[in-house]
S.K.: 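Handing you this structure, nothing more for now.
Because the structure is a prediction, the values reported are computed rather than measured.
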Amino acid sequence: WVNVDQDSNEEQRSLELSGHVGFDSLPCQLVNKLVARGFCFNILCVGETGIGKSTLMSTLFGRTFENEEASHYEEEVRLRSQTYDLQENTVKLKLTIVHTAGFGDQINNEESYKPILDHIDAQFEKYLEEELKIKRSLFNYDDPRIHVCLYFISPNGHSLKALDLITMKKLESKVNLIPVIGKADIISKNDLKNLKRNIMNELLSYGVQIYQFPTEDEDVAEINSSINNCFPFAVVGSTDDVKIGNRMVKGRMYPWGAVQVENEDHCDLVKLREMLLRVNMEDLREQTHSRHYELFRRCKLEEMGFKDTDPDSQSFSLQETYEAKRKELIRELQHKEESMRQMFVNKVKETEAELKEKEKELQERFEQLKRLHHEEKKSLEEKRRELEEEMNAFNRRKVAADTLMGQALQGCSQQPLKKDKDKKK
């Protein structure tokens, strides 16, 4: 054995063993454990409604996945997640497929990407919470993080839409992004070739980073290098069997012929399946953990007040960092509490001033009505007095008239008697 001081510049020497020890079986032990536990793989399918996302998933995995048919009249983008337990030979796979219902169907698509980013961050948050627990169970924890995003591009048109560019630019730092052209059998080979070229030119022009299959491993370097030149994949999905000659194959039957989905001359489905599932699935999982999740974790911990130390600086205490962050949060809460208290006091004062103003207005209105009532009452009293005076004057005139009338009648009755006396005389 060799003991080497870490601060010295001596190189460690490799020693030959005198016989078989047994730790060369570690890879086999690891494989057996992983096979017994099973694997998780999560796929996010982003694309317009009706572009063939569900059909492609069923075609890739060779079985029909039940999926609720999406409507073109969704008010907002909704993410639907479905998990399936698959097994191939002795390998178990927990597959989660996430669909974006309503993506691109709204009149205003300016913020259509936000629910997708929120979902990806939410899965990162779940994993981080599990990782920061005192009692963790990461070994048996089903990884909810998105390992790959298949972004479906419409074959209609000559290039990418503005929504595609914006969404892919937002997704590039969150997930392994693989662009695919859905329903590629509706355009000719020349148009498809031009569309592929235009899409890659636009992605390069706008600086959109898509996932590149790794070329460091010599075993897969050649095939991955060749496939990296095939982006975006032009795919056709189908779960129907069609008869071609004397054999049955998966494809689509048209009046002019049949499209075989597993024929590389017809579409890139085989290449996509080869790269996605058979060759690079583990690299996609590893890139998710080491690149995208680490970026999210670093930003989250920095927000919480944690930071790495430089080699020349002193190591930090986790307890001190926690206490400092706790005091900072308490100060923020106290500041917010004081602000809310001051806001409440100001609001109460404003309300009191408004109520006093209203009370003053009501008092003025009451006094005004009181004056009007008094004036009207005085006016009515005066009119009543005038009416009474008129009635008294009328009564006096009536009495005088009655007196005159009686005197006149009496005078008239006395004149005939006088005449009769005169005649008799």
S.K.: Between Met168 and Leu160, is there a side-chain heavy-atom distance shorter than 4.5 Å?
M.R.: yes
S.K.: Between the side chain of Gln209 and the main-chain N/O of Glu172, is any donor-acceptor distance below 3.5 Å?
M.R.: no
S.K.: Apply side chain to side chain contact (heavy atoms under 4.5 Å, CB included) to Glu129 and list each qualifying residue two or more places apart in sequence or on a separate chain.
M.R.: Glu125
S.K.: What distance do Thr215 atom OG1 and Asn228 atom CG have between them, rounded to the nearest 0.5 Å?
M.R.: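 Thr215 atom OG1 to Asn228 atom CG measures 7.0 Å (nearest 0.5 Å).
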S.K.: Mind listing the side-chain donor-acceptor pairs of residues 354-374 below 3.5 Å, one per line with the distance, residues two or more places apart or on another chain?
M.R.:
residue	atom	partner	partner atom	Å
Gln363	NE2	Glu367	OE2	3.2

S.K.: Hey, does Gln106 have a side-chain heavy atom less than 4.5 Å from the side chain of Val77?
M.R.: yes
S.K.: If you round to the nearest 0.5 Å, how far is CG of Leu56 from CG of Leu272?
M.R.: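 Leu272 CG to Leu56 CG: 6.5 Å, rounded to 0.5 Å.
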S.K.: Kindly indicate whether the side chain of Ile43, heavy atoms from C-beta on, has any atom under 4.5 Å from the side chain of Ile146.
M.R.: no
S.K.: Looking only at atom types and distance, does a side-chain atom of Thr167 sit under 3.5 Å from a main-chain N or O of Ser112, one as donor and one as acceptor?
M.R.: no
S.K.: Roughly how far, to the nearest 0.5 Å, is the OG atom of Ser81 from the CD1 atom of Ile97?
M.R.: 9.0 Å
S.K.: When rounded to the nearest 0.5 angstrom, what distance separates CD1 in Ile199 from CG in Leu204?
M.R.: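 Between atom CD1 of Ile199 and atom CG of Leu204 there are 13.5 Å.
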S.K.: Rounded to the nearest 0.5 Å, what separates atom CD in Gln334 from atom CG in Leu329?
M.R.: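 If we round to the nearest 0.5 Å, Gln334:CD and Leu329:CG are 11.0 Å apart.
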S.K.: Please name all residues satisfying side chain to side chain contact (heavy atoms under 4.5 Å, CB included) with Thr403, sequence neighbours left out, ordered by chain then number.
M.R.: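 So Thr403 forms a side chain to side chain contact (heavy atoms under 4.5 Å, CB included) with Val399, Gln407.
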S.K.: Going by atom type alone, with no hydrogens or angles, which donor-acceptor pairs under 3.5 Å involve a side-chain atom of residues 232-242 and a protein atom two or more places apart or on another chain?
M.R.:
residue	atom	partner	partner atom	Å
Ser238	OG	Asp240	N	3.2
Ser238	OG	Gly251	O	2.7
Asp241	OD1	Lys250	NZ	3.1

S.K.: Using the side-chain hydrogen bond (donor to acceptor under 3.5 Å, both in side chains) rule, collect all pairs that involve residues 26-41, keeping only residues at least two apart or in two chains.
M.R.: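 Residue pairs passing side-chain hydrogen bond (donor to acceptor under 3.5 Å, both in side chains), neighbours aside: Ser25-Gln29.
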S.K.: Between Asp164 and Tyr151, do the side chains contain a donor N or O and an acceptor N or O under 3.5 Å apart?
M.R.: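 Indeed, the side chains of Tyr151 and Asp164 share at least one donor-acceptor pair under 3.5 Å.
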S.K.: In terms of side-chain heavy atoms, does His158 have a donor or acceptor partner in Asn194 at a distance below 3.5 Å?
M.R.: no
S.K.: Going by an N to O cut-off under 4.0 Å, is there a salt bridge joining Glu274 and Lys271?
M.R.: no
S.K.: Measure up the Tyr293 and Phe124 rings against each other and bin them: parallel (under 30°), tilted (30 to 60°), perpendicular (over 60°).
M.R.: tilted
S.K.: Is the shortest heavy-atom distance from the side chain of Pro214 to the side chain of Asn224 under 4.5 Å?
M.R.: yes
S.K.: Assess whether atom CD of Gln87 is packed by more than 12 heavy atoms of other residues, nucleotides or ligands within 6.0 Å.
M.R.: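 More than 12 within 6.0 Å, yes.
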S.K.: According to the ring pair (Phe, Tyr, Trp, His ring centres under 6.0 Å) rule, which pairs have a member within residues 189-219, sequence neighbours left out?
M.R.: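 Sorted result for residues 189-219: Tyr211-Phe213, Phe213-Phe231.
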S.K.: Could you note down all residue pairs passing salt bridge (charged side-chain N to carboxylate O under 4.0 Å, His left out) where residues 193-217 supplies at least one of them, sequence neighbours left out?
M.R.: Lys196-Asp268
S.K.: Compare all side-chain heavy atoms of Leu171 with those of Tyr113 and state whether any distance is below 4.5 angstrom.
M.R.: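 Side chain of Leu171 against side chain of Tyr113, heavy atoms only: no contact under 4.5 Å found.
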S.K.: Side-chain donor-acceptor pairs under 3.5 Å in residues 254-261, sequence neighbours left out?
M.R.:
residue	atom	partner	partner atom	Å
Tyr254	OH	Asp185	OD2	2.4

S.K.: Under a 4.5 Å cut-off applied to non-hydrogen side-chain atoms, are Leu284 and Leu276 in contact?
M.R.: yes
S.K.: Got a second to check how far Leu163's CG is from Ser154's OG, nearest 0.5 Å?
M.R.: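 Output value for this atom pair is 11.5 Å.
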S.K.: Listing request: all side-chain hydrogen bond (donor to acceptor under 3.5 Å, both in side chains) pairs with a residue in residues 38-62, at least two apart in sequence or in separate chains.
M.R.: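 The answer is Asn42-Thr96, Glu48-Lys161, Thr49-Asp105, Ser54-Asn67.
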S.K.: Between the side chain of Arg145 and the main-chain N/O of Gln123, is any donor-acceptor distance below 3.5 Å?
M.R.: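 No; judged by distance alone, with no hydrogens or angles, the pair does not exist.
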S.K.: Taking atom types as modelled, find out whether Ser188 and Asp191 have a side-chain donor-acceptor pair closer than 3.5 angstrom.
M.R.: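 Yes, Asp191 and Ser188 have a side-chain donor paired with an acceptor closer than 3.5 Å.
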S.K.: Determine the interplanar angle of the His147 and Phe41 rings, folded into 0 to 90°, and report it as parallel if under 30°, tilted if 30 to 60°, perpendicular if over 60°.
M.R.: parallel
S.K.: Enumerate the residue pairs fulfilling salt bridge (charged side-chain N to carboxylate O under 4.0 Å, His left out) with a member in residues 385-404, sequence neighbours excluded, ordered by first and then second residue.
M.R.: Arg384-Glu388
S.K.: Taking all non-hydrogen atoms of both residues into account, name the closest pair between Arg247 and Val249 and its distance.
M.R.: NH1-CG1, 3.0 Å
S.K.: Could you list all the salt bridge (charged side-chain N to carboxylate O under 4.0 Å, His left out) pairs where at least one residue sits in residues 78-87, not counting sequence neighbours?
M.R.: Glu74-Arg78, Asp85-Lys94
S.K.: So do the side chains of Glu222 and Ser226 get within less than 4.5 Å of each other, counting heavy atoms only?
M.R.: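 Contact flag for Glu222/Ser226 side chains = no.
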S.K.: Go through it in stages, so that I can follow the logic: the residues are Lys377 and Glu381, the test is salt bridge (Lys or Arg N to Asp or Glu O under 4.0 Å), and I'd like the CA-CA distance, side-chain angles, deciding distance and then a yes or no.
M.R.: CA-CA 6 Å; Lys377 184 178 180 182; Glu381 288 291 336; 5.9 Å; no
S.K.: If you compare all heavy atoms of Phe152 against all heavy atoms of Gly182, which two are closest, and at what distance to 0.1 Å?
M.R.: CD2-CA, 4.3 Å
S.K.: Between the side chain of Asn395 and the main-chain N/O of Met391, is any donor-acceptor distance below 3.5 Å?
M.R.: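 It does hold such a pair.
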S.K.: Within the side chain of Asn108, is there an N or O that forms a donor-acceptor pair under 3.5 Å with the backbone of Glu110?
M.R.: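 A pair under 3.5 Å: yes.
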S.K.: Are the side chain of Lys183 and the backbone N or O of Gly50 linked by a donor-acceptor pair below 3.5 Å?
M.R.: yes
S.K.: Once salt bridge (charged side-chain N to carboxylate O under 4.0 Å, His left out) is applied, what residue pairs with a partner in residues 280-294 remain, sequence neighbours excluded?
M.R.: Glu282-Arg285, Glu294-Arg297
S.K.: Give a yes-or-no answer on whether the side chains of Tyr84 and Gln82 include a donor-acceptor pair shorter than 3.5 Å.
M.R.: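 Yes, a side-chain donor-acceptor pair sits under 3.5 Å.
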S.K.: Are Phe65 and Leu95 side-chain neighbours, meaning at least one heavy-atom pair lies under 4.5 Å?
M.R.: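 The answer is yes; the side chains approach within 4.5 Å.
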S.K.: Is a salt bridge present between Glu375 and Lys378, judged by a nitrogen-to-oxygen distance below 4.0 Å?
M.R.: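 Salt bridge absent between Glu375 and Lys378.
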